[in-house]
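Since the model is a prediction, treat every value here as computed from it, not as a measurement. Convention: sequence-line order gives letters A, B, ...; per-chain numbering from 1.
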There are 2 protein chains.
Amino acid sequence: MFSKACEYGIKATIYIAVKSMHQERVSLKEIAEEVDSPVAFTAKILQSLARHGIIDSQKGPTGGFQIQESKIDAITLHQIVHAIDGDNIFNGCGLGLKQCDASKPCPVHDKFVGIRDNLKSMLHNTSLYELATGLDIGLTHLKR
Amino acid sequence: MFSKACEYGIKATIYIAVKSMHQERVSLKEIAEEVDSPVAFTAKILQSLARHGIIDSQKGPTGGFQIQESKIDAITLHQIVHAIDGDNIFNGCGLGLKQCDASKPCPVHDKFVGIRDNLKSMLHNTSLYELATGLDIGLTHLKR
DNA sequence: TCTATTTAAGATAAATTTGTCCGAAATAAG
DNA sequence: CTTATTTCGGACAAATTTATCTTAAATAGA
Ligand code: FES
Ligand code: FES
């Protein structure tokens, strides 16, 4: 469904959000540890998220990653997924046709569009805040 | 969403079904042409579908692929996807945790399970027959 | 200023997926 | 039986994704 990069990116962002809500900056090493992801690969993903303006990064001792508390509420899963995996999952044809278009639909178009739109609106309606809160109060987990 | 192999496999199966409904066997070459897929790769996928008992193959001159007409109605998209992509998409965690389990859910579990179940039931409820019919009467297309 | 620490960036490598090639096996037809 | 045609099977190759390594840049603190 999502790429590994996206899975790691989502988990990392949620973890950073939890820490940010407690006014703590967090290091790459800690993130990779808590998220169960390869350190250097995670670094790449976080760099990309930083360039997309979703997270902030700070170099040097006491450096690390954080998210402005005021933004946590406004960031959606959609933004994260879009930043990492692009928009093919949101607009692409389920059978890989170059263009998904109801005027020349593939055999699964009608059935597929519903699922795709479901996913899209779920991601749009899910805020980083609620995901981080669930994790913070121990309702959900990042490893298993 | 689906792998390339799965996309090709679905399109090929639908095309074979259309031909089979007209009592015609169809060659690999024709399938790859009509489905816009690489010939040799398509051969691999069709071999796999044949081993899974979803399609029949026949070697030699006048050989090719076909589907028993009586089965077309009973074959579902789910069977095809499951044969090629396995069941990770149906049961796997959206964030890649080793096990998706409501008793130790990942942050997106509750939201994700709905989407995943939607997809699953859509694939279960979509028969090869209806997809092939749509294509046969020119309502849908395999290339673009 | 110097050092230690942490992220940035680019090159490189490993793993997986996608795609190709070629000889073998089956089989229809002359 | 021989030949032409078609799928089968395994090895091989290319492309993409995932993961690592190394050096540079920033920066906090001694
Ligand atoms: S054309 Fe294939 S999903 Fe729309
Ligand atoms: S645990 Fe992640 S989707 Fe169920």
Side-chain angles (χ1 to χ4, degrees), chain A residues 1-13 15-16 19-20 24-33 35-67 81 83-86 88-89 92 95-96, chain B residues 1-13 15-16 19-20 24-33 35-67 81 83-86 88-89 92 95-96:
Chain A
M1 178 75 84
F2 303 125
S3 68
K4 278 290 166 198
C6 198
E7 292 176 359
Y8 298 150
I10 292 170
K11 290 194 286 185
T13 305
Y15 185 72
I16 297 168
K19 291 297 187 171
S20 295
E24 285 178 38
R25 198 180 278 156
V26 61
S27 74
L28 168 64
K29 206 162 79 175
E30 179 180 338
I31 293 167
E33 178 88 9
V35 153
D36 198 21
S37 60
V39 179
F41 190 37
T42 304
K44 291 297 182 205
I45 298 159
L46 293 179
Q47 280 168 38
S48 168
L49 288 170
R51 277 194 295 268
H52 277 89
I54 293 172
I55 65 179
D56 295 323
S57 68
Q58 172 83 41
K59 293 178 186 174
T62 79
F65 298 89
Q66 74 210 48
I67 303 174
V81 172
I84 301 173
D85 277 356
N88 200 334
I89 191 170
L95 296 185
Chain B
M1 177 75 83
F2 303 124
S3 67
K4 278 291 167 197
C6 197
E7 291 177 359
Y8 297 151
I10 292 170
K11 291 195 285 186
T13 305
Y15 184 71
I16 297 168
K19 290 298 188 173
S20 294
E24 284 178 38
R25 198 180 279 156
V26 60
S27 75
L28 168 64
K29 205 163 80 176
E30 179 180 338
I31 294 168
E33 178 88 8
V35 153
D36 198 22
S37 61
V39 180
F41 190 36
T42 304
K44 292 296 183 206
I45 299 159
L46 293 179
Q47 281 169 38
S48 168
L49 287 171
R51 276 194 294 269
H52 276 89
I54 293 173
I55 65 178
D56 295 323
S57 67
Q58 171 84 40
K59 292 179 187 174
T62 80
F65 297 88
Q66 74 211 43
I67 303 174
V81 171
I84 301 173
D85 277 356
N88 200 344
I89 191 170
L95 295 185

Inset, instruction - Heavy atoms under 4.0 Å is the rule here; annotate nucleotides 6-15 of chain C 5' to 3' with B where the base is hit, S where only the sugar-phosphate is, and - elsewhere. - result: BBBBBB----

Legend entry - Greater than 12 external heavy atoms within 6.0 Å of B:E24's CD: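 Yes, because the 6.0 Å sphere around CD of B:E24 holds more than 12 heavy atoms from other groups.
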
Rounded to whole Å, please give me the gap between [atom1] in [X] and [atom2] in [N].
X: A:N88; N: D:dT17; atom1: CG; atom2: C1'; result: 15 Å
X: B:K4; N: C:dT20; atom1: NZ; atom2: P; result: 13 Å
X: B:E7; N: C:dT17; atom1: CD; atom2: P; result: 14 Å
X: B:Q66; N: D:dT7; atom1: CD; atom2: P; result: 12 Å
X: B:I84; N: C:dT18; atom1: CD1; atom2: P; result: 11 Å
X: A:D85; N: D:dT16; atom1: CG; atom2: C1'; result: 13 Å
X: B:R25; N: D:dT7; atom1: CZ; atom2: P; result: 10 Å
X: A:I45; N: D:dT17; atom1: CD1; atom2: P; result: 13 Å

Legend entry - Whether B:D85 side chain and B:F2 backbone form a donor-acceptor pair below 3.5 Å: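 Not confirmed, B:D85 side chain does not pair with B:F2 backbone.
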
Search all heavy atoms of [X] against all heavy atoms of [Y] and return the closest pair with its distance.
X: A:T42; Y: A:A32; value: OG1-CB, 4.3 Å
X: A:A83; Y: A:I54; value: CB-CD1, 3.8 Å
X: A:I31; Y: A:A12; value: CG2-CB, 3.7 Å
X: B:M1; Y: B:I89; value: O-CD1, 3.8 Å

Inset, instruction - Report yes if at least one side-chain N or O of B:Y8 is closer than 4.0 Å to OP1 or OP2 of C:dG19; otherwise report no. - result: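 Affirmative; the distance criterion is met.
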
